Each structure stands twice: as structure tokens, then as C-alpha cells.
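Please read all numbers here as calculations on a predicted model, not as lab measurements.
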Amino acid sequence: MFLTKYILIENNFINFVSIINLLNTLKMKKLFTLFVFLFVTIFLSHAQTQRMVMYEGFSNASCAPCAAANPGLTALVLSNPTKVVGIKYQTNWPGTDPMNAQTQTWVQPRVNYYNITGVPGTRVDGEAISLTQTNINNHYNNPSPFFLEVNHTFNAAEDSVFVEVKIEAAQDYTGSQLVLHTAMIENHISFASAPGSNGEKNFYKVMRAMYPNATGTSLPGTWVLGQDTTINFAIKIPSYIYNFDEIAFVTFIQSNGNKAVLQAAKTLKDLYASILSHNIPQAPGCYDDFAFELTVVNQGKTPITSFDIEYGIVGQTLMTYNWTGAGLAYGETVNITLPSITLPGGNISVIAEIKNPNGGINESLDGTIVQGQILPVSGYTAVPLAEAFTSTTFPPTNWAIVSDDNIKWERSTAAGFGITPGGSARIAFYSSPNGALDHLYMKGIDLTSISNPMLTFSLAHARYSASYTDRLIIELSTNCGDTWTSIYNKAGDNLKTVSTFVTSSFTPTAT
């Protein structure tokens, strides 16, 4: 009996065979039994289990830096569905936010708990560190002392939900002031028009209520291996929920002693396939055709044996690709290359969407659609080329903008030298988050008739303070964007054209 238990526990460990061989050398039955018993006891007391990383974000619908940072944070959470549990608290500052007005009762205690003094704010497993792939991987690879599972079901009238949280100790554990937090979230809230002043219309993993309250449920401080408990909640669905189908629950065990999150979990849909990554190019190139390369992941409980992908050029008739397989279990992925589509000239918007998993309906739209621009260099403009940004069309025809945040290049009516009508291209560093890259691509230019081509431009730049450094780089490519050469690169004092610091949004005069 001991040996059977040992085999079940150790079947994932490479020392299994060597231990069995050692046991086979023991001749005395009593010694054999004693050795197995002792080994099993030692092993069980040091067991651990896979950690899910807990991301808590603080944001506001009227916070410009939040609008800039959120797309990148959301992309990280969505691209790590089997590693990260996410929740977003919408604060009541710096401006209007209807989601906060509905949830401030639970938001403010979390703001106070972490002493959040500005948004966007981030906590990863309770730590004040950035959400990056490196930090996700580092925390994910740190095992947890607890198993944690959460499930929810709706009543027949679909006006209430029943939540079950299961906790089990994966090892003997003693902690400080352990609590269980359980929250209802909406995976995706979409507005027809921005509800605040920062332009955001889509919000992800938004906290809608916490149970039994924002301080959580107290847990024992000492656990022994195998000790378990189940906590249940019967919840009336709030009237302010935007989309019933996007309701989910997250739960996490936290130590109030040091604020460390020890384990996290989220409810899973039954049938849910999404796009984990794609190859839509983010820079101009020479394309005659394009083939989507997609990684699809099963985020639901039910193994997936088939799904459809609708894909093509936005505004044209989309094509359908059907995938079938032996079955993708939860968290498993499949790489798919779709047939090529022929590209017309100009900037092209393309789209791909996962539909009909197992012939049914995707139970969440979160991450099921990818859309982006392909920027083919189709034909080249003769020189000389002059662009004064006087047209209200921006970017100019056959130019392109690529940005990793919501703060992008834009047209300004400010212009140097008193030119009328005036115009310039502007990037608002004032609202742009740290590390953001914002690209403005010119259209292709034919330089074959010029032996010594020259680019000239005028600029104005003011620094916010000595602690903040902005950079302007001009690069050129002669091989369709495969490689780039820097021909201008200045930052900080070398870039500024204003001698004093400017702590408000800067618009230069004509001089």
C-alpha cells in the first residue's frame, strides 16, 4: 500500500527508477516498509504545486497615461492565459469613471491596502513591480504551497450565481494573517463612446464586486499537507453588469503580513478558444501577399476538436478555414498557417476571428479576434518630396503610424516660420508612458536619380525635468524594412530647443 502511494506521488520524478532499484536491494520486509513510509512522509511534507501569477491593476477612464499603458498590459495578460490571473480596479481619480462609481466600495480598500498614489498602478503577486514577461515567468516558476480552484454556476433565472472556492495545502505551511479574496469581474467591457476623457472604449478584467467584502475571508495561519476547505458564496448579480456573458470570478490567497499573494485562480468557460499570438507585421514592407500565422489556445474546460477561422481583408468577403484535431485540452495550443491572401495597394486592414469551437459558440469574445494593418510599400514617390502637414488628413496618404500605446503621432496646427496654413507632426511625450515607442513611417521614396540625397526638417522640443529624457530617432531602410540604419538620434539636452523645463503640455510658437 505504501509503495502504491509512493508510485502515484512520484511518477513525474526522474529518481523513481533509481529509488525502486534501491528498494529492491533491501532484504528485510520490516526495513523495506519503514524506508518507504519514511520517504513518503518526507516527500509529502515538502510538496508544492504550480503557481498562477496574480496581476492587480489600478486604472481610470480619464487617465491619459492609463490609456497609453493599458493596451500593453492587456496584451500581456491575454497572451499568458495559463499563467496569469488578472483583475483591474477602476479608481475614482483623476477623473470621471462610471465603472468606479459602481464599485468604489471595494476599490478604495484595495487602493489603501497597497497605498496606491497614482494610476496606472500595478501589483504582481502583491509586489510593486511591473507586469513584464520576465516577471511573469519568474513568478510562475516559483511553486505555490496551495492548490486553489474556483467554479461558478448560475441559477435557472440567471439572476444569481453560486461560487465555490476549494483550497488544499500542498505542503505543511505556516503563514501570517492569510486571507482569501474572491471577486466578480467582467472579462471585457466595451463602450460605443469613451466613458471618460482618455479615449478608452474597451476595458478588461474589471472588478465588479468582492465577496464577502474587500477585506476577504480569513484563513488559518497554519496548514498541514492535504488539509482542505471549501468556501461557498451565493451572490445576487449586480444590476450594473454590462454583459452577463463576460462575468467571471477570480480568487487569490494573500498574506496580510507581507502582502504576498501565494496562489490565484480564475473560473474557466466550458467552451472557449482564443488567439494567443499572430504575425501581422508592425512595420512597412514589400508585400504582394500575406499568410496569417496564428497560435490558438484552448482556454475552456472542454477539449476542442474543431473550430473555424474567418480571415481576410476588412471590407471584403472573408474566407473560412476549418481546423480539426484529436483534441486540445485546457492550455494546449496549435500553430496554424492560413492560405495566402493577395494584397491590393495602400495600407490594408486584415482580420482573423476564431468561431464555432466544437460546432458551438465561443463563450467569451476576449482574444478571439485579431486585427491590424499591413503596410506594403507599393510604388515609390519621386523626389523632391515636401510634407508640411497642412492637410487635416493624418497621417498623410501612404504614410503610416505604428505605436505600442494609445499615445500616437498626431497632426498639430502649430508651424514654424509663420507658415499659413500651418501644420506639424506631434508626439505628446507629456502623456506617453515610460519606454513607449511611437513610429511615424514616410511613404517609399525613389532616390535612384540622386547621388547625394538629403533630408531636412525642423523640430521643437521641451524637457519636462532633468529626470525625464525623450528621444527622437530617424532611421532609413533600403531593403523593404528588413533592416534599418539610424541617421539621426538625439535625446535629452541634445534634443531640446527650449532652455527651461516645461511642466505643462508644450506647444511651441512659430519661432
With sequence neighbours left out, what residues match Ala491 under side-chain contact (heavy atoms from CB on, under 4.5 Å)?
->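 With sequence neighbours excluded, Ala491 shows a side-chain contact (heavy atoms from CB on, under 4.5 Å) to Thr469, Arg471, given in chain and number order.
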Among all residues two or more places apart in sequence or in another chain, which pass the side-chain contact (heavy atoms from CB on, under 4.5 Å) test with Tyr464?
->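 Counting only residues at least two positions away or on another chain, Tyr464 forms a side-chain contact (heavy atoms from CB on, under 4.5 Å) with Tyr430, Tyr468, Thr503.
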Sequence neighbours left out, what passes ring-ring contact (aromatic ring centres under 6.0 Å, His included) with [X]? Give chain and number order.
| X | result |
| --- | --- |
| Tyr441 | His439, Trp484 |
| Phe249 | His152 |
| Phe429 | His461 |
| Tyr272 | none |

Which residue pairs satisfy the disulfide (SG to SG under 2.5 Å) criterion with at least one member in residues 225-272, sequence neighbours excluded?
->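 Listed by first then second residue: nothing to list.
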For residues 203-281, which residue pairs qualify under disulfide (SG to SG under 2.5 Å), counting only residues two or more places apart or in two chains?
->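 Residue pairs passing disulfide (SG to SG under 2.5 Å), neighbours aside: none found.
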Do you know the tightest heavy-atom contact between [X] and [Y]?
| X | Y | result |
| --- | --- | --- |
| Ser144 | Leu262 | OG-O, 2.7 Å |
| Phe146 | Ala169 | CD2-CA, 4.1 Å |
| Phe290 | Ile280 | CZ-CA, 4.0 Å |
| Ala291 | Thr337 | CB-CG2, 4.4 Å |
| Pro94 | Val119 | CD-CG2, 3.9 Å |
| Arg51 | Asn142 | NE-O, 2.7 Å |

Can you list every pair that meets ring pair (Phe, Tyr, Trp, His ring centres under 6.0 Å) and has a residue in residues 350-373, with sequence neighbours left out?
->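 For residues 350-373: none.
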Only counting residues at least two apart or in another chain, list the ones meeting salt bridge (charged side-chain N to carboxylate O under 4.0 Å, His left out) with Asp97.
->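 Testing Asp97 for salt bridge (charged side-chain N to carboxylate O under 4.0 Å, His left out), a comparison that skips the adjacent residues, returns none.
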4.5 Å side-chain heavy-atom contact, [X] and [Y]:
| X | Y | value |
| --- | --- | --- |
| Phe58 | Val111 | yes |
| Thr267 | Val150 | yes |
| Leu294 | Leu338 | yes |
| Val124 | His139 | yes |
| Tyr114 | Glu56 | yes |
| Val84 | Leu76 | no |
| Trp323 | Thr305 | no |
| Ile336 | Phe307 | yes |

Answer yes or no: is there a donor N or O on one side and an acceptor on the other, between the side chain of [X] and the main chain of [Y], under 3.5 Å?
| X | Y | value |
| --- | --- | --- |
| Thr82 | Gly331 | no |
| Asn155 | Asp159 | yes |
| Asn213 | Gly216 | yes |
| Asp438 | Ser403 | no |
| Glu332 | Ala329 | yes |
| Asn298 | Leu328 | yes |
| Thr132 | Asn135 | yes |
| Thr91 | Trp93 | yes |
| Arg411 | Ser391 | yes |

For residues 217-227, please give each side-chain donor-acceptor pair under 3.5 Å, one per line with the distance, not counting sequence neighbours.
| unit_1 | atom_1 | unit_2 | atom_2 | d |
| --- | --- | --- | --- | --- |
| Trp223 | NE1 | Pro220 | O | 2.8 |
| Gln227 | OE1 | Val224 | N | 3.1 |

Should we count CD1 of Ile473 as having more than 12 external heavy atoms under 6.0 Å?
->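 Yes.
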Is the gap between the ring centers of Tyr311 and Tyr321 under 6.0 Å?
->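 No, ring centres 6.0 Å or more apart.
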For the residue pair Phe394 and Phe389, categorise the inter-ring angle as parallel (less than 30°), tilted (30 to 60°) or perpendicular (more than 60°).
->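 Ring orientation of Phe394 relative to Phe389: tilted.
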Report the relative orientation of the aromatic rings in Tyr113 and His181; use parallel for angles under 30°, tilted for 30 to 60°, perpendicular for over 60°.
->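 Because their plane-to-plane angle is over 60°, the rings of Tyr113 and His181 count as perpendicular.
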Judged by modelled atom types alone, do [X] and [Y] share a side-chain donor-acceptor pair under 3.5 Å?
| X | Y | answer |
| --- | --- | --- |
| Asn92 | Asn100 | no |
| Gln254 | Asn256 | no |
| Asp245 | Ser364 | no |
| Asn362 | Lys269 | no |

Rounded at 0.5 Å granularity, tell me how far [atom1] in [X] sits from [atom2] in [Y].
| X | Y | atom1 | atom2 | answer |
| --- | --- | --- | --- | --- |
| Asn138 | Asp125 | CG | CG | 11.0 Å |
| Met207 | Gln90 | CE | CD | 9.0 Å |
| Thr251 | Leu148 | OG1 | CG | 5.0 Å |
| Asn151 | Leu268 | CG | CG | 7.5 Å |
| Thr320 | Glu310 | OG1 | CD | 4.5 Å |
| Glu353 | Gln371 | CD | CD | 10.0 Å |

Do the charged groups of Lys496 and Asp470 touch, with an N to O distance under 4.0 Å?
->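 No.
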Carboxylate-amine/guanidinium proximity below 4.0 Å for Lys166 and Glu164 |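 Between Glu164 and Lys166 there is a salt bridge, with a charged N closer than 4.0 Å to a carboxylate O.
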Identify all side-chain donor-acceptor contacts of residues 183-199 below 3.5 Å with residues at least two apart in sequence or on another chain.
| unit_1 | atom_1 | unit_2 | atom_2 | d |
| --- | --- | --- | --- | --- |
| Glu186 | OE1 | Tyr242 | N | 3.3 |
| Glu186 | OE1 | Asn243 | N | 2.9 |
| Glu186 | OE2 | Arg208 | NE | 2.8 |
| Glu186 | OE2 | Tyr242 | N | 3.2 |
| Asn187 | OD1 | Lys205 | NZ | 3.1 |
| His188 | NE2 | Asn202 | OD1 | 2.8 |
| Ser190 | OG | Asn202 | OD1 | 3.2 |
| Ser197 | OG | Ser62 | OG | 3.4 |
| Asn198 | OD1 | Glu200 | N | 3.0 |
| Asn198 | ND2 | Asn60 | O | 3.3 |
| Asn198 | ND2 | Ala61 | O | 3.4 |
| Asn198 | ND2 | Cys63 | O | 2.9 |
| Asn198 | ND2 | Glu200 | OE1 | 2.9 |

